[in-house]
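Working notes, beginning with the structure itself.
Computed from heavy atoms alone, side chains included, the values below leave out hydrogens, waters and symmetry copies.
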Amino acid sequence: MLKLLFTRIQKREAIAAILCVVTVIFTIFFDLKLPEYMSGLTVLISTEGDVSEVINYGIRMLICVLGSAVLSIFDGYCAAKCAAGLALHARQELFAHVMDFGQEEMNKFSIPSLITRTTDDFTQVQMYVSMSLVLAVRCPIMAIWAVTKILEHSIELSMVTAIFVVVIMIFVFSVMFIVIPKFRLIQKLTDRINLVVNENLTGINVVHAYNAENYQNEKFDDLNIKITKTQLFNQRLFAALGPLLGLGLNGLSFVIYWVGAALILQTTFADRLTYFSNIVVFSTYATYVLMSFMLLVLVFMLLPQARVSAERILKVLDETIKLKQGSKDHKIRHGSIEFKNVDFKYPNNSKNTLQDINFSIDSGKTLAIIGGTGSGKTSLINLIARLYDTSSGTVTIDGVDVSDYKFESLYNDLAFITQKAVIFSGTVEDNIKFGHSSNKINEIDEYLKLAEAQNFKSNDEISQRGKNISGGQKQRLAIARALARKPKIIIFDDSFSALDYITDAKLRSNLKKYCQDSTKVIVAQRIGTIKDADKILVMKDGKIVGEGRHNELLKENEEYKQIALSQLSPEELGGVE
C-alpha cells in the first residue's frame, strides 16, 4: 500500500499532501483551544464576571470554530486533489504497463481482472487515500495533544479514558483481522463476475440460440450469492462497530462525570468550582481522544479493502515483462525471413509446440503455411512477429535476429493480420489510420479498394468490436489497415477464411500487383488461397513435413495431397489420384 502511494506520487500531489498536513495541525490547534475558553467562561459565569469578558470569550470561541471550519474545507480539498492525482498517474502507469505486456503476461492476468484492477481497485485506493490523509494525520495528533491536556487535570480520569480506548481498539483490530481475507475473496469474486458478464454479453446470440439463459443465470447467481454473503458478513461486523463506539463515547462521558462527582465531594467547598470547571474541560478533551480513535476506526474499516486493491494493482505494475526489445534501430529494407533450428514451447508447457524448424523465404516472395488444426501454424508466424521468443534457434529478418530489433523499427515495416480480425469502434477512417495517421482520405479509399472493401466509406461508423459488420468485412478492413502501413512484410493468419472465393481471388490478385516488393506470409486452410505461393510449408505436429510449390507437393507429399483432395476433386487438381 505504502509502496503504491510513495513511489507514484508526483510533485503537485506531494505539495497538496503537505498543505493538507499543515492545515490539519492548525485545525487541531483551534479545536483544542475551545475547551480552555469553555473552562474560563464557566468560571466567569459562576462568579458573575463582567459581561464584556463573557463576550470576549465568546468571540474567541467563534473565531476558533470558524477557523476550524475553513481549514477543514481546505484540507479536505487538498486531500481529494492528492488522492485523485495519485490515482490518475498510477492508472496511466498501469495502462501503459499493460500495453507493453506480451502474450505471456496477458495469459497470466485475465482481461476481466485487469479491467477490475484499472477501475474498481483504483476507486477503493483513491477513497482510502482521500479520507486517511486527513484522518490518519488528524487523529493521532489530536489524541496525543488531548492526552497531554487531560493528564494535567486528573490521573484517575485519565486511567478511565485509557481503559475505554484500549477496549475499543482491541475490538477494532479483531474485526480487521477477520475481514481482510474476506475482502481478498470479494475482489476475486468480482473478477469472476466480470468474466461471466463479459462472456454473456459477447456471446449473447449463442446463449439465445441454445436456450441457455437459465443455465447462464444460475452461473451468475451462484457467484452473486457468494459475493453477497461475503459482503453481508463484513458489513455486519462493521455495523457492530457503530453502536459499540457510540456506547463507548456516551459511557466514557457518564463514567467521567460519575467519578468526577465522587472526586468533587472529596475536595473543599472553595475548590469545588475550579475542580468542576476542570472536569468539564477534561470531559471535552476525553471526548476528543475517543473521537480521534473512533475516526481512526473509520480509516481501519476502509484499510482492508484498500490494502487488497493496492496489492492487486502493484502485482500488475511489478510484473516483469519477459519480452524485451532489442537495441538495434534497424529498418527492414528487404523483408527476407529465415528460421534456423527453431524450437518453441509455450510458457509452463513441457512439450515443444514447434520442433526443428528450418526454412527461408526471399524478399518480395510469398510463403504459404498449411496444416491441420494444432499443427503449429500460428505459433510459427507469432515468432516472425516476435509475439513470443524462440526456445532455441534463431529467426532472422534481413539477416538480423528479430530479438535484436527495437519494437518500433520491427513493427513499422511489418503488418500482422490476426486470425480473428480486431476492429475498433469509430469510423472506417479511424480504423485504417490506426497507428498511421498521416493517410489522406483519397489514400484510404485506395486501400479499401485494394482490400476489396470499396463498399465502405471513410465516414461509416463501426460499432464496438465491429458488431455491425460481417466477419468477411472485418477481415477486409483489417487487410486495408495493414496495407496502409506500406510494410515490407505482411503476415496473414488465416485472414481469408471468411471471404467468398471470388473476393478471395480478387484480393490476392490485388496483393500480387500492389505488394510486389513485400514479403507475404499466408496461413490458410484453402488450397485455392495458397496454390500460387512461391513456397508452401506443410505443418504437422509442430514439424515441417513438406516444403515446395503446389505442383511439387501434390506429387511428393502425401499430407498435402490429402488436404488438397479433401477440398478439390482430382480433376480440379489436374488429374491427381
Identify each donor-acceptor pair in which a side-chain atom of residues 357-374 lies under 3.5 Å from a protein atom, sequence neighbours left out, and give them as a table.
{"from": "N358", "atom 1": "OD1", "to": "N341", "atom 2": "N", "distance (Å)": "2.6"}
{"from": "N358", "atom 1": "ND2", "to": "N341", "atom 2": "OD1", "distance (Å)": "3.4"}
{"from": "N358", "atom 1": "ND2", "to": "D356", "atom 2": "OD1", "distance (Å)": "3.0"}

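Looking at K520, its side chain does come within 3.5 Å of a backbone N or O of S518 through a donor-acceptor pair. Here the side chain of E105 pairs a donor or acceptor atom with the backbone of K322 at under 3.5 angstrom. No donor-acceptor pair closer than 3.5 Å links the side chain of T230 to the backbone N or O of K182. In this structure, S130 contributes its side chain and A83 its backbone to no donor-acceptor pair below 3.5 Å. The backbone N or O of Y411 sits less than 3.5 Å from a side-chain atom of R485, completing a donor-acceptor pair. The backbone N or O of E408 lies less than 3.5 Å from a partner atom in the side chain of N412, making a donor-acceptor pair. With N468 contributing its side chain and E461 its backbone, the two residues share a donor-acceptor pair below 3.5 Å. When atom types are taken as modelled, the side chain of S566 and the backbone of I563 share a donor-acceptor pair closer than 3.5 angstrom. Using a distance-only test at 3.5 Å, with no hydrogens or angles considered, a donor-acceptor pair links the side chain of N217 to the main chain of E213. No donor-acceptor pair closer than 3.5 Å links the side chain of D493 to the backbone N or O of V523.
More than 12 non-hydrogen atoms from other residues, nucleotides or ligands lie less than 6.0 angstrom from CZ of R91. For D100, the CG atom counts as densely surrounded, since its 6.0 Å shell holds more than 12 non-hydrogen atoms of other residues, nucleotides or ligands. In this structure, I321 places its CD1 atom where more than 12 heavy-atom neighbours from other residues, nucleotides or ligands lie under 6.0 Å away. No more than 12 heavy atoms of other residues, nucleotides or ligands shown are found within 6.0 angstrom of NZ on K543. Counted within 6.0 Å of CZ on F95, heavy atoms from surrounding residues, nucleotides or ligands total 12 or fewer; the atom is thus considered open. For Y346, the OH atom is densely surrounded, since the number of other residues' heavy atoms within 6.0 Å is greater than 12.
Considering every non-hydrogen atom in both Q475 and Q419, the closest pair reads NE2-O, 4.4 Å. Contact record, L507 with A451: CD1-O, 3.5 Å, taken as the closest heavy-atom pair. Across A421 and A478, no two heavy atoms sit closer than the pair CB-CB, 4.1 Å. Closest approach of A306 to V125, counting heavy atoms only: O-CG2, 3.9 Å. Between I536 and A533, the shortest heavy-atom contact is CG1-CB, 4.1 Å. Residues R526 and F496 come closest through the heavy atom pair NH1-O, 3.6 Å.
Residues L483 and I490 are in side-chain contact: their nearest non-hydrogen atoms beyond the backbone lie under 4.5 Å apart. Residues V521 and L380 form no side-chain contact, since every pair of their non-hydrogen atoms from C-beta on lies 4.5 Å or further apart. Side-chain contact between D413 and P487 is absent, with no heavy-atom pair separated by less than 4.5 Å. Counting heavy atoms from C-beta outward, S403 and R386 have side chains that approach closer than 4.5 Å. Contact check for S470 versus Q473: side-chain heavy atoms found under the 4.5 Å cut-off. Within the 4.5 Å cutoff, the side chain of I544 has heavy atoms near those of the M539 side chain. In this structure the side chain of N200 never reaches within 4.5 angstrom of the side chain of F220, judged on heavy atoms. Taking 4.5 Å as the limit, every side-chain heavy atom of K457 sits out of range of all side-chain heavy atoms of T427.
Distance check: R312 CZ to D120 CG gives 8.0 Å after rounding to the nearest 0.5 Å. Considering OG1 of T118 and CD of Q92, their distance stands at 12.5 Å, rounded to 0.5 Å. How far CG of N431 is from OG of S458: 11.5 Å, rounded to the nearest 0.5 Å. Rounding to the nearest 0.5 Å gives a distance of 11.0 Å between CD of E93 and CD1 of I313. Interatomic distance, CZ of R508 versus CG of L499, reported as 10.0 Å (0.5 Å rounding). Of the inter-residue distances, the one linking T353 atom OG1 with K345 atom NZ reads 9.5 Å to the nearest 0.5 angstrom.
Between F344 and Y388, the two ring planes are tilted [angle within 30° to 60°]. The aromatic rings of F424 and F434 sit parallel to each other, their planes meeting at less than 30°, with 60° as the upper class boundary.
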Let me see the working for I417 and I491 under side-chain contact (heavy atoms from CB on, under 4.5 Å), right down to the final yes or no. CA-CA 6 Å; I417 300 101; I491 301 174; over 6 Å; no
T123/Q126 under side-chain hydrogen bond (donor to acceptor under 3.5 Å, both in side chains): CA gap, chis, key distance, verdict: CA-CA 5 Å; T123 300; Q126 182 176 339; 6.0 Å; no
Given side-chain contact (heavy atoms from CB on, under 4.5 Å), test S425 with I462 step by step and report yes or no. CA-CA 5 Å; S425 59; I462 305 296; over 6 Å; no
With side-chain hydrogen bond (donor to acceptor under 3.5 Å, both in side chains) as the criterion, how do D343 and Q355 come out once you've worked through the C-alpha distance, each side chain's angles and the decisive distance to 0.1 Å? CA-CA 5 Å; D343 290 339; Q355 300 178 57; over 6 Å; no
Criterion side-chain contact (heavy atoms from CB on, under 4.5 Å) on F456 and I469, from CA distance to verdict: CA-CA 11 Å; F456 283 107; I469 58 178; 4.0 Å; yes
Under the criterion salt bridge (charged side-chain N to carboxylate O under 4.0 Å, His left out), I'd like the reasoning laid out for D445 against K449: C-alpha separation, chi angles, the key distance, then a yes or no. CA-CA 6 Å; D445 292 336; K449 185 178 180 180; over 6 Å; no
Does the side-chain contact (heavy atoms from CB on, under 4.5 Å) test come out yes or no for H97 and E319, once each step is laid out? CA-CA 9 Å; H97 189 62; E319 179 66 23; 4.3 Å; yes
Applying salt bridge (charged side-chain N to carboxylate O under 4.0 Å, His left out), run through D398 and R333 and close with a yes or a no. CA-CA 7 Å; D398 287 348; R333 300 189 179 278; over 6 Å; no
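Partner of R549 under the side-chain contact (heavy atoms from CB on, under 4.5 Å) criterion, chosen from D534, L554, D532: D534. When N194, D121, T190 are each tested for a side-chain hydrogen bond (donor to acceptor under 3.5 Å, both in side chains) with T116, only one passes: N194. For the side-chain contact (heavy atoms from CB on, under 4.5 Å) criterion with T519, the lone passing option out of I397, I384, I337, I332 is I337. A side-chain contact (heavy atoms from CB on, under 4.5 Å) with E452 holds for exactly one of T503, D504, I502; it is T503.
Annotation: cation-pi geometry not satisfied between R307 and Y128 (NZ/CZ under 6.0 angstrom from ring centroid, within 45° of ring axis).
Here F492 and F416 keep their ring centres 6.0 angstrom or further from each other.
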